[in-house]
Amino acid sequence: MQIYYSLTSPYARIVRMAIHEKGLGAQVEHHVVNPWDDDPGLMQVNPLTRVPTLVTDDGTTLTEATLITQYLERRHPDRALLPKGADSRVLGEAGIAVGIIDAAVHKLLGRKAAGEAFDDSPLGQRRDRAIRQALDRMEARLPGAMPELGAIAAVVALDYLDFRFPELAWAEDRPQLGAWHDALRTRPSVKDTAPVDA
Ligand SMILES: N[C@@H](CCC(=O)N[C@@H](CS)C(=O)NCC(=O)O)C(=O)O
């Protein structure tokens, strides 16, 4: 397998953490790319030029973080991302977390296109509200345990908010979620994939 990712992409990080948690790191060839630079190698395998992109051993290109994790889960069911009997809870948690990531990435791209004024636009306000409400939901119903997909996506979402929008200081009003997040900081899959500016 080959994986194309950037060191900042939260979507790619979900896949990287899943690979790490499943102990598949040695079976994967890693390509660190910047999708915004139109990396030729990435463009060749994925016409969308986005990360994460996973190329399977039979040469199939897989895109979309959550679809890629489904593939990994089917091929390598040990250390389950979706434990039997907990699938609806875990998928529900993962959906909320990926929604936070979507809203945060939209906010970042909105600021890139329109400057800080994006935050005060109706769309910017809508994304902020979604992030706030989703965090409140997480505080009320904490994500489950690693390596469930809901927990992986939640760590990625919370770290991404800290990385890109530290001013949100989301943990201040959400002590349970803050403690849940703090307890995972030293876990190898979390530490080794933390976002860093290239
Ligand atoms: N829905 C996709 C989103 C992937 C995505 O937007 N990745 C960003 C990096 S965070 C990217 O590659 N952007 C480049 C572009 O949109 O051209 C997923 O879940 O994998």
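Whatever order the structure lists them in is the order used to number ligands and atoms, beginning at 1.
Counting heavy atoms from C-beta on, the side chains of Pro52 and Ile68 come closer than 4.5 Å. Contact of the Asp182 side chain with the Leu184 side chain is not registered, since no non-hydrogen atoms from C-beta on lie closer than 4.5 Å.
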Give every pair formed by an N or O atom of ligand 1 and a protein N or O atom closer than 3.5 Å, one pair per line with both atom names and the distance to 0.1 Å, or write none.
unit_1   : atom_1 : unit_2 : atom_2 : d
ligand 1 : 1 (N)  : Glu64  : OE1    : 2.7
ligand 1 : 1 (N)  : Glu64  : OE2    : 3.4
ligand 1 : 7 (N)  : Val51  : O      : 2.8
ligand 1 : 12 (O) : Val51  : N      : 2.9
ligand 1 : 19 (O) : Glu64  : OE1    : 3.4
ligand 1 : 19 (O) : Ala65  : N      : 3.3
ligand 1 : 20 (O) : Ala65  : N      : 2.9

Return a table of donor-acceptor pairs under 3.5 angstrom between the side chains of residues 165-172 and protein atoms on other chains or two or more places apart.
unit_1 : atom_1 : unit_2 : atom_2 : d
Glu167 : OE2    : Arg111 : NH2    : 3.2
Trp170 : NE1    : Asp162 : OD1    : 2.8

Atom pairs and distances, side-chain donor-acceptor, residues 128-135, under 3.5 Å, sequence neighbours left out:
unit_1 : atom_1 : unit_2 : atom_2 : d
Asp128 : OD1    : Lys107 : NZ     : 2.9

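Donor-acceptor pairing under 3.5 Å is lacking for the side chains of His31 and Tyr5.
In this structure, the side-chain hydrogen bond (donor to acceptor under 3.5 Å, both in side chains) partners of Lys22, at least two apart in sequence or on a different chain, are Glu73.
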